[in-house]
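Every chain is numbered from 1, with letters handed out A, B, ... down the list of sequences.
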Amino acid sequence: MYIYNDFDEEFVRNRVDQFRDQINRRISGALTEDEFKPLRLMNGLYLQLHAYMLRVAVPYGTLNGRQMRQLAYIADRWDKGYGHFTTRQNIQYNWPKLNEVADILEALADVEMHAIQTSGNCIRNVTADHFAGASADEFEDPRPTAELLRQWSTDHPEFTYLPRKFKIAVSGAAHDRAVVRAHDIGLYLRRNDAGEAGYEVVIGGGLGRTPMVGKTVQEFLPKADLLPYLEAVLKVYNLKGRRDNKYKARIKILVQETGLDVLKARIDAQFVICKASFKGVPDSILAPIEAAFAPPVFNNTRSAALDDALSNDPLLQSWVDTNLAAHKNPAYTIVTVSLKAVGQTPGDASSDQMRVLAALAEDFGHDELRVSHEQNIILPHIRRADIPQVYARLREAGLATANIGLLSDIIACPGMDYCALATARSIPVAKEIAVRFNELKLEQDIGPLKIKISGCINACGHHHVAHIGILGLEKKGVESYQITLGGDATQNMVVGKRAGPGFAADEILPAMERLIGAYLDIREDNSETFLDTFRRLGDAPFKAALYPVEEAKNAA
Amino acid sequence: MAREFVPQIITSNHLIEGDSIYLTEAGAWSRIAADAMLLANAEIAATTLATANLQTDLHVGAYLADATHFRETFRAVGPSNYFHGKQAV
Ligand code: SF4
């Protein structure tokens with residue numbers, strides 16, 4: 001875990017003091033809202049439908065037990081006893097009061113946390129694979145890169161007023177779990193034929209109004225060139241990115257309008273200049289970062305405890321089958337704790353649940369926790385032998401839902417239950433779907449399925465890259481839900497296709513039932529997933545299920 | 001032909017709590033949507049909004065709203081996933 005140095009500590013404390021003063025001046029009337037708004041956004045404070053919202057950065061999704069406890073304390077002391085984990089691996093509080101925000105930030109600073117760069121047109125919190133440092137399919141931990149980028153980008157004077165927000169993600173594993181190709185810059189750690197470490201660099205990905213799959217600009221960038229190369233990309237973007245139209249200001253539009261080859265030539269030319277003046281990252285910075293992410297000291301003693309427990313506990317068996325993933329160390333496993341209990345709000349955890357997670361990390365998990373972009377919590381290093389105990393404690397806390405990667409493991413943004421930008425609600429739709437399919441007891445049979453829901457075109461719920469995406473819009477004064485099909489969030493990213501006209505709020509669940517029913521009818525066998533069936537047959541049979549009346553009309 | 005004017009209200013968010021508030025007949029702010037003054041013509045609505053916007057140390061981002069729109073209904077009640085916000089008061 002990266003520990004703040006004196007510089008980080010002082011920087012964060014100073015920022016809290018500054019913001020406290022700015023809040024006081026806003027309350028006294030010395031600052032108008034127009035003056036105050038950019039300042040509060042720089043500190044992660046938004047104004048939503050029912051209250052302010054504070055977005056707290058969880059750099060690359062990594063937390064320790066102490067930090068998770070503090071998040072629970074903040075939830076109890078200044079909020080309503082819970083927090084919402086987001087698709088950017090952050091946590092949001094939905095009910096802070098303006099005159100208490102500085103105290104919250106102070107409490108965050110006590111555990112080396114903050115809300116800086118969680119908003120505004122800057123380089124946002126860098127995200128990474130939530131299985132980083134643990135997964136069997138990983139060849140290099142992405143977090144040292146993410147931390148280096150955090151230090152480099154924090155308050156970087158040149159990149160504080162970019163044309164638009166800028167998101168970076170890093171993955172170092174064979175499977176992309178970080179939606180890398182949907183970022184302004186995506187980095188895949190790679191090795192070349194000589195065995196040297198470097199990056200495949202992807203640019204211009206993004207969801208939102210104009211979804212685009214990021215394109216590779218560098219097949220292999222030597223590790224030492226990372227900062228000058230990213231500086232070159234950002235310099236070109238800062239200069240050429242459109243500032244005339246907010247909706248065309250992301251780098252993806254620059255890539256689209258300029259063409260990848262032309263843009264790449266510009267970046268390469270700029271890179272020569274940046275590289276010439278770059279003296280390398282000093283060892284005094286690199287070494288502590290590398291050391292901070294050294295693997296924990298694993299306890300390799302094996303035991304039959306798990307096998308014994310499994311043989312007489314079918315619930316444990318089903319949870320083990322869905323929620324555990326292969327760890328680098330065969331004596332260990334990765335636990336994904338579902339924040340998607342049926343009928344609950346996706347991504348929400350109560351303060352009690354946060355404390356249970358903190359304790360499990362401390363007692364069994366080498367003091368590590370992760371937030372996943374899929375709005376779950378990961379215990380990345382759990383000894384297999386400890387699984388029965390961990391499971392028992394999760395169950396007591398209502399955290400043992402066995403649904404990872406299944407239908408009810410739904411991503412849902414806050415939507416119009418909280419978000420001021422929303423055009424429709426997301427949470428009730430997610431709940432309805434989860435509850436209904438739980439009643440039908442079909443989830444296991446349906447198998448791997450990613451449903452993702454956004455409450456507006458901004459696509460925080462990643463609906464474009466869902467197998468079944470749902471986008472909430474307003475149509476003629478009511479909520480309307482549009483379905484997209486066949487998206488894929490992995491390294492082979494695909495933007496899903498719109499199925500057809502939207503469904504009213506009371507039609508969306510029956511539509512989902514018809515859609516999934518059709519899949520069950522037409523799949524080759526139960527090993528063929530929804531996505532595979534969609535790829536084999538295209539959208540026609542699914543459209544027919546979604547719009548039976550139109551189909552009948554066409555046939556007539 | 002000009003579109004028919006739908007009666008509107010002036011609503012904003014409280015500076016400290018951030019919750020929705022409504023301009024009343026008496027020119028004060030209420031936390032209850034039913035207290036909102038209905039503005040029956042566009043001209044009055046615009047001038048009243050301009051006046052409301054002068055009190056910026058009380059509230060944030062006042063706007064004219066159609067009180068019957070679902071977004072306003074949600075704001076007046078609170079979120080649907082927890083019994084929080086106005087519905088809990
Ligand atoms: S997708 Fe829209 S509604 Fe959902 S959180 Fe993002 S901005 Fe808000």
Side-chain angles (χ1 to χ4, degrees), chain A residues 23 25-37 40 45-54 79-82 84 94-101 343-348 350 412 414-432 474 477-479 505, chain B residues 3-23 29-36 49-89:
Chain A
I23 291 173
R25 284 188 285 148
R26 173 72 183 105
I27 292 173
S28 76
L31 288 179
T32 64
E33 185 59 21
D34 286 348
E35 291 162 333
F36 180 64
K37 189 176 173 187
R40 70 167 157 81
L45 188 65
Y46 289 72
L47 183 62
Q48 299 286 47
L49 291 179
H50 311 294
Y52 288 94
M53 179 272 279
L54 183 67
D79 210 86
K80 293 194 188 291
Y82 75 102
H84 175 73
N94 286 328
W95 303 94
K97 296 192 177 74
L98 182 61
N99 56 352
E100 295 178 344
V101 169
Q344 298 298 306
T345 303
D348 279 13
S350 70
M416 207 182 270
D417 282 302
Y418 297 91
C419 181
L421 302 173
T423 40
R425 290 172 299 175
S426 318
I427 295 168
V429 177
K431 282 182 160 184
E432 251 190 334
E474 171 181 349
V478 294
E479 292 165 292
Chain B
R3 267 187 41 213
E4 204 184 319
F5 183 78
V6 183
Q8 293 193 304
I9 58 167
I10 289 175
T11 176
S12 189
N13 288 71
H14 191 272
L15 176 64
I16 306 293
E17 274 88 7
D19 62 332
S20 55
I21 51 174
Y22 304 87
L23 194 65
W29 292 95
S30 165
R31 292 197 132 95
I32 301 160
D35 293 345
L49 179 64
T51 317
N53 269 332
L54 296 175
Q55 317 165 303
T56 58
D57 51 343
L58 294 175
H59 64 92
V60 185
Y63 61 95
L64 287 171
D66 166 5
T68 60
H69 189 279
F70 61 91
R71 184 178 193 269
E72 291 310 321
T73 315
F74 298 154
R75 280 180 81 240
V77 174
S80 64
N81 61 334
Y82 297 109
F83 193 66
H84 288 159
K86 298 254 185 281
Q87 61 199 333
V89 179

Could you tell me the separation between the [atom1] atom of [X] and the [atom2] atom of [Y], rounded to the nearest 0.5 Å?
X      : Y     : atom1 : atom2 : answer
A/E474 : B/H69 : CD    : NE2   : 3.0 Å
B/R75  : A/Q48 : CZ    : CD    : 11.5 Å
A/L47  : B/D19 : CG    : CG    : 10.0 Å

Under 4.5 Å from a heavy atom of chain B, the part of [X] involved:
X      : answer
A/T423 : backbone
A/I27  : both
A/A420 : both
A/F36  : neither
A/R425 : side chain
A/E479 : both

Quick one: of A/T345, A/I23, A/V101, who has the most non-hydrogen atom pairs under 4.5 Å with chain B?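 Of A/T345, A/I23, A/V101, A/T345 has the most heavy-atom pairs under 4.5 Å with chain B.
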Looking at A/N99, A/D417, A/L98, which has the largest count of heavy-atom pairs under 4.5 Å with chain B?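 Option with the greatest count: A/D417.
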Nearest atoms (heavy-atom pairs only) where A/R26 meets B/D57: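 Reported closest heavy-atom pair: NH1-CA, 4.1 Å.
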Between B/F70 and A/G477, which heavy-atom pair has the shortest distance, and what is it?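 That would be CD2-O, 3.2 Å.
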Side-chain donor-acceptor contact under 3.5 Å, B/Y82 with A/N94: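 On atom types as modelled, these side chains do not qualify, holding no pair under 3.5 Å.
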Between B/V77, B/L58, B/N81, which residue shows the highest count of heavy-atom pairs closer than 4.5 Å to chain A?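 Most pairs with chain A among the choices: B/N81.
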Heavy atoms only, distances under 4.5 angstrom: which of B/E17, B/H14, B/H84 has the most pairs with chain A? Name it, please.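 Ranked by heavy-atom pairs under 4.5 Å with chain A, first place is B/H84.
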Within the supplied structure, the quantity of interest is the number of heavy atoms (other residues, nucleotides, ligands) at a distance under 6.0 Å from A/K37 NZ; does it exceed 12?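 Atom NZ in A/K37 is not crowded, with 12 or fewer foreign heavy atoms closer than 6.0 Å.
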Per the side chain to side chain contact (heavy atoms under 4.5 Å, CB included) rule, which among B/N13, B/N53, B/V60 passes with A/E33?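 So, applying the side chain to side chain contact (heavy atoms under 4.5 Å, CB included) to A/E33 and each of B/N13, B/N53, B/V60, only B/V60 qualifies.
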Does any part of the side chain of B/K86, heavy atoms only, come nearer than 4.5 Å to the side chain of A/H50, both counted from C-beta?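 No - every pair of side-chain heavy atoms lies 4.5 Å or more apart.
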Can you check whether B/I16 reaches A/Y52 side chain to side chain, under 4.5 Å on heavy atoms?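 A side-chain contact under 4.5 Å is absent here.
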